[in-house]
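The structure presented is a predicted model; accordingly, all values stated were derived computationally and were not measured. To find a chain, count down the sequence lines: A is the first, B the second, and so on, and within it residues start at 1.
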Amino acid sequence: MHRIIALTLIALVLAACSPSSPSTPASGSATGPTSQATRTVPSLRIAILNDESTLTPYTYRFGYPGLQMLYLVYDTLMVLDAENTPKPLLASDVKIGPDGTTYDLTLRTGVTWHDGKPLTADDVKFTFDYFLANPKGSFTTPLRQVATVTVTSPTALSIRLRDPNPSFPIRALATVPILPKHLWESVEGARVNDYAATVGSGPYKLVEANPNSAYRLQANTSYMLGAPTVTELIFPIIRDQNTAFQALRSGEVQAITRETPAELVNQFNSGPFKVAKGPGFASTLLQFNLERAPLDRREVRQAIDYAIDKRMLVQTLLLNLGTAATPGFVHPDSPYHDPAVNLRYDPNRAKSLLDGIGARPGSDGTRVLDGRPLSFTLLVYSNNPTRIRAAELISGMLKEVGITATVRAMDADSVDALVWPDFDVAKGRNFDMAIWGWSAPVQVDIGRLVDLVHSDVRIGTSNIGGFKSAEADRLADQLRTTADESTRKRLAQSIEQLIATELPFVMLYFADGAYAYRADAYDGWVYQKGQGIFTRLSFVPAMNR
Amino acid sequence: MARYLLNKLGQFAAVLFIAVTINFLLPRAMPGSPLSLLAGEEAGSLTGGERQRLLREAGLDRPLHEQYLRYLGDLARGDLGTSLSRRQPVAAILLDRLPWTLLLTGSALVLTTVIGTIAGAVVGWRRGGTLDVAALGLFLVLESLPAFWLAMLAVAILAVQFPLFPTFGARDVAAQLQGPAYWLDVAHHLVLPVSVLTLVSVSATFLTMRASMTSVLGEEYIQVARAKGLSGRQVLFRHALRNALLPVATVTMLNLGQLVAGATVIETVFSYPGIGRMMYEAATTRDYPLLQGGFLLLTVSVVLANLISDLIYPLLDPRVTRG
């Protein structure tokens with residue numbers, strides 16, 4: 001009897017582990033020998049470290065790599081090239097009206113969805129309406145400024161904006177994935193997040209999305225820009241970073257979307273391996289709560305800025321694979337950077353600034369200002385060892401000038417709940433200082449400076465420190481409506497200078513991107529500045545021309 | 001006996017209810033909210049109205065007691081809800097992962113029990129000898145090895161340096177295998193995780209068995225058995241081993257309850273699709289429904305294992321019911 005039960009249990013477990021029911025027929029030798037591409041690679045395995053849910057525009061989870069994987073399946077109207085310049089994609093031509101509010105788009109002809117139906121201007125209009133009706137952070141926000149969309153022919157449409165917005169091509173046209181109307185129109189609001197079918201017009205078809213193990217993409221051989229260079233892309237999920245790099249060594253995967261840690265870069269610089277390197281635009285900074293005394297005093301913030309040696313952080317933490325950040329937020333390699341905004345480090349200056357406002361050292365060495373010690377809690381994500389080390393180094397540097405910063409590492413959601421409750425700056429904040437960072441797209445679109453500094457909670461949606469400055473508001477209001485490029489640059493530089501003086505946060509560094517891969521498996525990678533190599537540019541060379 | 005049974009079942013129901021309530025409250029007691037899961041990237045750029053709408057659609061805007069009652073109602077109908085991060089029914093996710101967890105931890109539990117019991121019995125029989133001292137040292141060392149370190153070492157040596165085994169996963173995701181080839185592949189992927197898990201957990205059984213054996217050997221009935229002129233083998237297997245097994249049965253039963261909890265560290269290092277790792281991810285992303293479902297599964301299995309062991313114990317040791 002016992003034996004029967006035991007055997008039954010074993011049989012049940014094994015049965016449940018067996019191959020999933022009838023596998024989709026779309027695999028195998030789908031691509032014939034007709035492909036003219038000279039150096040097509042049959043298959044490539046790229047490890048990702050987290051699952052991306054069902055990988056639809058509403059369910060993917062991370063801007064990198066999830067959104068980039070999504071862009072392999074869905075097209076956008078424009079595409080950012082390696083230099084982050086918007087280039088035509090689904091739209092073969094984009095004409096901007098003289099006042100900067102009208103965009104006349106001509107669509108490429110003969111484009112079809114993966115299910116064979118033609119892609120028309122109606123799909124584009126539908127997509128805009130759909131994202132406005134069903135909120136999805138990164139796609140709804142840039143479309144809010146659209147006043148009307150008029151379809152003039154199956155391959156032409158005209159978009160009118162409420163205000164001129166020079167960021168529109170980058171933030172909207174090159175960002176919003178175009179959805180097939182014939183499939184999504186039956187998906188009702190509340191169900192968008194459960195809808196799993198993924199049919200796009202992009203260079204790849206999603207043939208398997210299993211958040212437990214892997215995503216499998218098959219080349220769309222009839223893609224409008226020609227068949228992509230790799231026929232099959234498999235993205236296995238390897239939860240552990242160390243294991244992922246071991247799998248790269250053993251050849252089980254040929255690339256990893258996660259950046260290669262500085263200490264591993266040299267190991268992967270030889271043999272069949274190569275490391276693609278380039279500037280990274282994701283920033284790391286020290287965020288202040290400007291509503292909390294004495295951090296509301298500019299001199300205190302300036303003293304903290306002078307006390308921190310950013311070059312030393314880059315050397316120690318990043319082994320020089322990075323750029324020390326200048327104080328005005330804008331990356332030193334950005335075309336908008338003002339060369340007059342320079343890197344700062346001067347502990348003596350920090351001390352004299354604090355002396356100047358009467359903050360004298362107390363008995364334990366910590367300075368006291370207006371009867372209160374300059375003692376703060378410094379929050380940091382516990383899942384980010386580099387940032388924890390940064391926090392500890394900074395704590396040591398601040399101690400030198402008489403400021404105590406107690407490092408407190410907590411899980412990311414707990415830190416967010418204190419720094420940015422519900423991701424809504426209108427809800428206030430409850431912290432002293434935090435190691436923070438903004439992703440690469442914030443650096444790519446200079447218009448985002450407005451989000452960082454504007455004091456109106458509806459406009460300054462990333463102003464998490466509660467920074468208030470009439471001058472900043474004035475400049476930001478001009479920047480977000482000015483179309484002229486040279487005026488924009490001047491305004492952006494004024495804001496950069498203002499940030500460098502007022503210091504709502506102290507910029508620390510930009511880590512370089514470094515991505516190890518097996519060059520003998522595939523060497524067609526394109527490094528998109530600030531983003532990395534795991535973008536559609538690496539598989540469709542025509543996008544970068 | 002019927003009263004004993006009824007009593008136990010009553011306790012089972014009470015514990016389950018309390019656990020379900022705690023399962024509901026605990027995730028919500030953590031700071032943070034699942035809003036970033038609902039809104040995706042750039043949640044900060046949404047308007048207040050859009051945020052409210054997302055929370056409403058997920059039923060998270062209702063007062064806590066309403067959410068609780070709805071949760072209990074759904075539970076009564078057998079509905080575990082939908083995961084916020086995976087966008088799949090929680091029950092489906094659990095069912096998808098449970099077999100892999102059972103395969104991993106179940107295999108390890110069998111190996112642990114068999115190896116631990118035999119080694120403990122043999123060594124306990126010859127306590128104080130060279131073999132005993134050596135084995136005791138070995139198992140104490142194993143006990144103190146950190147699981148993640150041993151797992152990483154196994155990957156580095158047996159999967160990369162000498163590529164005998166795969167480094168990650170429960171099956172080859174690239175090759176679409178069928179039939180015996182599929183099962184060979186699954187077994188191939190299972191070797192390293194199960195070996196490491198067995199190595200780091202075998203000591204408890206071994207030490208229990210050894211201690212138990214040692215104390216049993218001092219009993220008078222063993223002396224009687226020897227005095228009857230039985231051979232060493234007969235004394236060991238017929239008299240000593242059987243009686244010494246009782247504490248080992250307890251340890252095994254406790255382990256049985258933990259079976260579905262999986263082995264988070266091992267699952268992480270080998271990227272094995274088990275329940276343990278899933279729970280960890282659900283906790284860090286504040287995926288309330290998935291967390292609740294996972295906790296429920298854990299609670300039920302632990303309580304159930306206890307219930308079973310309570311019911312089986314009288315059969316193993318008749319003294320229990322009398323007391």
Side-chain angles (χ1 to χ4, degrees), chain A residues 13-14 16-19 23 27 43 45 51 53-54 58-63 67 135-138 140-141 189-190 193-194 196 210-214 216 234 236-240 242-244 246-247 249-252 383 411-414 416-418 420 422-426 451 458 461-462, chain B residues 30-33 35-48 50-51 53-54 57 82 84-88 93 95-100 102-103 106 152 155-156 159-160 163 166-171 173-174 176-178 182-183 186 267-271 273 277 281 284-286:
Chain A
V13 167
L14 290 180
C17 291
S18 54
S23 59
S27 59
S43 181
R45 273 162 291 163
D51 75 87
S53 192
T54 47
Y58 277 92
T59 56
Y60 81 90
R61 292 171 59 199
F62 302 97
L67 183 58
K136 174 72 185 177
S138 30
T140 303
T141 310
N193 289 325
D194 305 330
N210 184 344
N212 280 338
S213 54
R216 182 194 298 268
I234 296 170
I237 304 160
I238 306 184
R239 308 275 174 188
D240 184 72
N242 178 64
T243 307
Q246 296 288 19
R249 278 200 189 93
S250 75
E252 284 163 273
N383 65 354
D411 79 281
D413 261 52
S414 299
D416 290 350
L418 294 170
W420 200 8
D422 287 346
F423 308 103
D424 184 354
V425 289
D451 309 357
R458 286 164 304 178
T461 52
S462 307
Chain B
M30 289 191 289
S33 89
L35 190 72
S36 60
L37 280 182
L38 301 171
E41 281 187 290
E42 305 205 9
S45 63
L46 290 180
T47 63
E50 288 165 349
R51 252 177 259 272
R53 191 180 144 183
L54 288 172
E57 281 167 5
T82 304
L84 301 173
S85 63
R86 298 292 176 77
R87 310 295 182 185
Q88 291 171 311
I93 298 176
L95 280 179
D96 198 20
R97 294 225 160 188
L98 189 59
W100 296 112
L102 291 180
L103 187 63
M152 282 164 63
V155 168
V160 179
T167 53
F168 71 96
R171 60 189 177 86
V173 289
Q176 304 207 317
L177 302 169
Q178 297 290 337
Y182 173 85
W183 290 109
V186 167
E267 286 170 17
T268 303
V269 175
F270 292 102
S271 198
R277 176 70 196 185
E281 284 167 22
T284 53
T285 55
R286 309 293 190 265

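- The pair B:E281-A:R239 meets the salt-bridge criterion, with a side-chain N (NZ, NE, NH1 or NH2) lying under 4.0 Å from an Asp/Glu carboxylate O.
- With a 4.5 Å cut-off on non-hydrogen atoms, B:L37 touches chain A through its side chain but not through its backbone.
- Scanning all heavy atoms of the two residues, the minimum distance from A:T461 to A:W420 falls at O-CZ2, 3.5 Å.
- A 4.5 Å side-chain heavy-atom check between B:E50 and A:K136 finds every atom pair outside the cut-off.
- Distance check: B:Q88 CD to B:D96 CG gives 7.5 Å after rounding to the nearest 0.5 Å.
- Contacts of B:T47 with chain A are made by both backbone and side-chain atoms, with heavy-atom separations under 4.5 Å.
- The candidate from B:G106, B:A159, B:A170, B:S85 with the greatest count of non-hydrogen atom pairs under 4.5 Å with chain A is B:S85.
- Contacts between A:D51 and chain B at a heavy-atom distance below 4.5 Å involve the side chain alone, from C-beta outward.
- Of the listed residues A:A417, A:P211, A:A426, the one with more heavy-atom pairs under 4.5 angstrom with chain B than any other is A:P211.
- Residues B:T268 and B:R277 bring a donor and an acceptor atom of their side chains to less than 3.5 Å of each other.
- Proximity to chain A is limited to the side chain of B:R51, based on heavy atoms less than 4.5 angstrom apart.
- Residue A:Y60 touches chain B through its side chain alone, counting heavy-atom pairs closer than 4.5 Å.
- The residue among B:A156, B:G32, B:S271, B:P163 with the most heavy atom pairs within less than 4.5 Å of chain A is B:S271.
- Contacts of A:I238 with chain B are made by both backbone and side-chain atoms, with heavy-atom separations under 4.5 Å.
- To the nearest 0.5 angstrom, A:R45 atom CZ is 6.5 Å from A:I234 atom CD1.
- Contact annotation for A:R61: both backbone and side-chain heavy atoms come within less than 4.5 Å of a heavy atom of chain B.
- Screening A:Q246, A:E252, A:R249 for a side-chain hydrogen bond (donor to acceptor under 3.5 Å, both in side chains) involving B:T167 leaves a single residue, A:E252.
- When heavy atoms are compared at a cutoff of 4.5 Å, A:S414 approaches chain B by way of both its backbone and its side chain.
- For a residue to count as touching a neighbouring chain, one of its non-hydrogen atoms must lie under 4.5 Å from one of that chain's; by this rule A:A412 does not touch chain B.
- When A:T54, A:L67, A:D422 are compared by the number of non-hydrogen pairs under 4.5 Å with chain B, A:D422 comes out ahead.
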Tell me, with the steps shown, if B:T284 and A:D413 meet side-chain contact (heavy atoms from CB on, under 4.5 Å).
CA-CA 7 Å; B:T284 53; A:D413 261 52; over 6 Å; no
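- With a 4.5 Å cut-off on side-chain heavy atoms, B:F270 and A:T243 do not count as touching.
- Each of A:D411, A:N212, A:D240 has some count of heavy-atom pairs under 4.5 Å with chain B, and the biggest count is that of A:N212.
- The candidate from B:M152, B:R97, B:M30 with the greatest count of non-hydrogen atom pairs under 4.5 Å with chain A is B:R97.
- Per-residue counts of heavy-atom pairs under 4.5 Å with chain B were compared for A:A244, A:A247, A:S43; the largest is that of A:A247.
- Contacts between A:N210 and chain B at a heavy-atom distance below 4.5 Å involve the side chain alone, from C-beta outward.
- The CG atom of B:L84 sits 13.0 Å away from atom OG1 of A:T59, with the distance rounded to the nearest 0.5 Å.
- You'll find the side chain of A:P135 reaches within 4.5 Å of the side chain of B:R53, heavy atoms only.
- Interface residue B:A174: backbone and side-chain heavy atoms are both found under 4.5 Å from chain A.
- Side-chain polar atoms of A:Y58 and A:S53 form no donor-acceptor pair below 3.5 angstrom.
- Both the backbone and the side chain of B:L46 have a heavy atom closer than 4.5 Å to some heavy atom of chain A.
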